[in-house]
Amino acid sequence: MRYRFLLILLAGTVLLAGCSSEPKVRRTAFKKSGEVFQKLKDYSLSLSLISSRREFYAGEENATFTFSLKNTGLTPVTIQEWHMIEAANINLYYRPGSSEAPSSAAWKLSPTYDPDSKRLHLRSPLTLNPGTNQALVMVPVAFLKTLRNDNGKKQPYAVYAELNLKSVSVKSPPADIYIK
């Protein structure tokens with residue numbers, strides 16, 4: 001009877017030793033959209049279109065642009081509000097005509113993401129170090145679906161991108177593309 005009691009006591013001790021409580025780890029990589037993001041100060045970023053393809057067909061559906069976001073300053077920059085759906089970080093604008101020619105046409109916004117996406121609130125900080133570090137962001141060129149080219153000649157369009165963030169403000173220079 002004594003040995004049975006000691007055996008039960010020993011088994012209980014082994015079981016309790018196997019169950020340890022660990023401190024809760026806070027998951028700080030993802031932020032919800034209800035947070036307020038402070039404007040960053042003293043940053044130097046550049047946004048540019050690096051896609052080599054500049055000719056598209058009117059009505060094309062799966063075209064994309066690749067933009068590069070670089071830190072051109074001397075200190076690292078961390079953007080806390082960076083969307084995990086990367087295309088949601090960039091707004092794409094377009095208008096008919098060349099970027100160099102004066103135009104009375106207003107810039108129009110081309111959708112780059114689904115605003116009803118359930119994952120749109122997920123965020124992950126993006127840190128850009130000075131030098132050759134860069135973030136490459138692919139965005140769909142959705143406005144091509146709505147265009148028509150009835151005369152069959154190449155038509156110039158100007159495009160530019162702007163970050164869709166509140167903590168930093170960066171625009172790319174306008175670039176020309178051609179619609180066939």
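Only this structure's heavy atoms are used, side chains among them; waters, hydrogens and symmetry mates stay out. Everything numeric here is computed off the predicted structure, so don't read it as measured data.
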**Message:** Per the salt bridge (charged side-chain N to carboxylate O under 4.0 Å, His left out) rule, what does the pair list look like for residues 63-83, sequence neighbours excluded?
**Reply:** E81-R123
**Request:** Only pairs at least two apart or in different chains count here, so list each salt bridge (charged side-chain N to carboxylate O under 4.0 Å, His left out) that has a residue in residues 87-111.
**Result:** none
Between [atom1] of [X] and [atom2] of [Y], what distance do you get to the nearest 0.5 Å?
X    : Y    : atom1 : atom2 : value
S51  : L136 : OG    : CG    : 9.5 Å
N91  : E162 : CG    : CD    : 6.5 Å
S167 : Y43  : OG    : OH    : 7.5 Å
L40  : Q80  : CG    : CD    : 8.5 Å

Report yes if some heavy atom in the side chain of [X] is under 4.5 Å from a heavy atom in the side chain of [Y]; otherwise report no.
X    : Y    : result
V141 : Y94  : no
L122 : I85  : no
Y113 : N164 : yes
L165 : F37  : no
L45  : L47  : no
L126 : T78  : no
H83  : L120 : yes
I79  : T127 : no

Side-chain ([X]) to main-chain ([Y]) donor-acceptor, under 3.5 angstrom:
X    : Y   : result
N89  : E86 : yes
T72  : S46 : no
N129 : P76 : no
S48  : I50 : no

**Asked** How would you list all residue pairs meeting side chain to side chain donor-acceptor pair (under 3.5 Å) that involve residues 138-150, not counting sequence neighbours?
**Response** R148-D150, N149-Q155
Inspect the surroundings of [atom1] in [X] and state if more than 12 heavy atoms from other residues, nucleotides or ligands are less than 6.0 Å away.
X    : atom1 : value
L74  : CG    : no
K39  : NZ    : yes
N151 : CG    : yes

**Request:** Please lay out, stage by stage, how I90 and L163 fare under the test side-chain contact (heavy atoms from CB on, under 4.5 Å).
**Result:** CA-CA 5 Å; I90 292 183; L163 287 183; 4.1 Å; yes
**Asked** Run the side-chain contact (heavy atoms from CB on, under 4.5 Å) check on L92 and F67 step by step: do they pass?
**Response** CA-CA 10 Å; L92 181 64; F67 287 92; 3.9 Å; yes
**Prompt:** Do N62 and T64 pass the side-chain contact (heavy atoms from CB on, under 4.5 Å) test, and can you show the C-alpha distance, the side-chain angles, and the key distance before you say yes or no?
**Reply:** CA-CA 7 Å; N62 294 322; T64 59; over 6 Å; no
**Request:** Could you list the residues that satisfy side chain to side chain contact (heavy atoms under 4.5 Å, CB included) with E60, not counting sequence neighbours?
**Result:** R53, F56, Y57, A63, L144
**Prompt:** Looking only at heavy atoms, what is the nearest atom pair of G73 and P130, with distance?
**Reply:** O-CB, 3.2 Å
**Request:** Show the numbers, then the answer: is there a side-chain contact (heavy atoms from CB on, under 4.5 Å) between L128 and L69?
**Result:** CA-CA 9 Å; L128 294 170; L69 179 63; 3.8 Å; yes
List the atom pairs, with distances to 0.1 Å, where a side-chain N or O of residues 169-178 and a protein N or O form a donor-acceptor pair under 3.5 Å, not counting sequence neighbours.
residue : atom : partner : partner atom : Å
S172    : OG   : A161    : N            : 2.8
S172    : OG   : A161    : O            : 3.4
D176    : OD1  : S99     : N            : 2.7
D176    : OD1  : S99     : OG           : 3.0
D176    : OD2  : S98     : OG           : 3.2

**Prompt:** Cluster partners of L109, using ILVMFWY side-chain heavy atoms under 4.5 angstrom, listed by chain and number?
**Reply:** Y93, W107, Y160
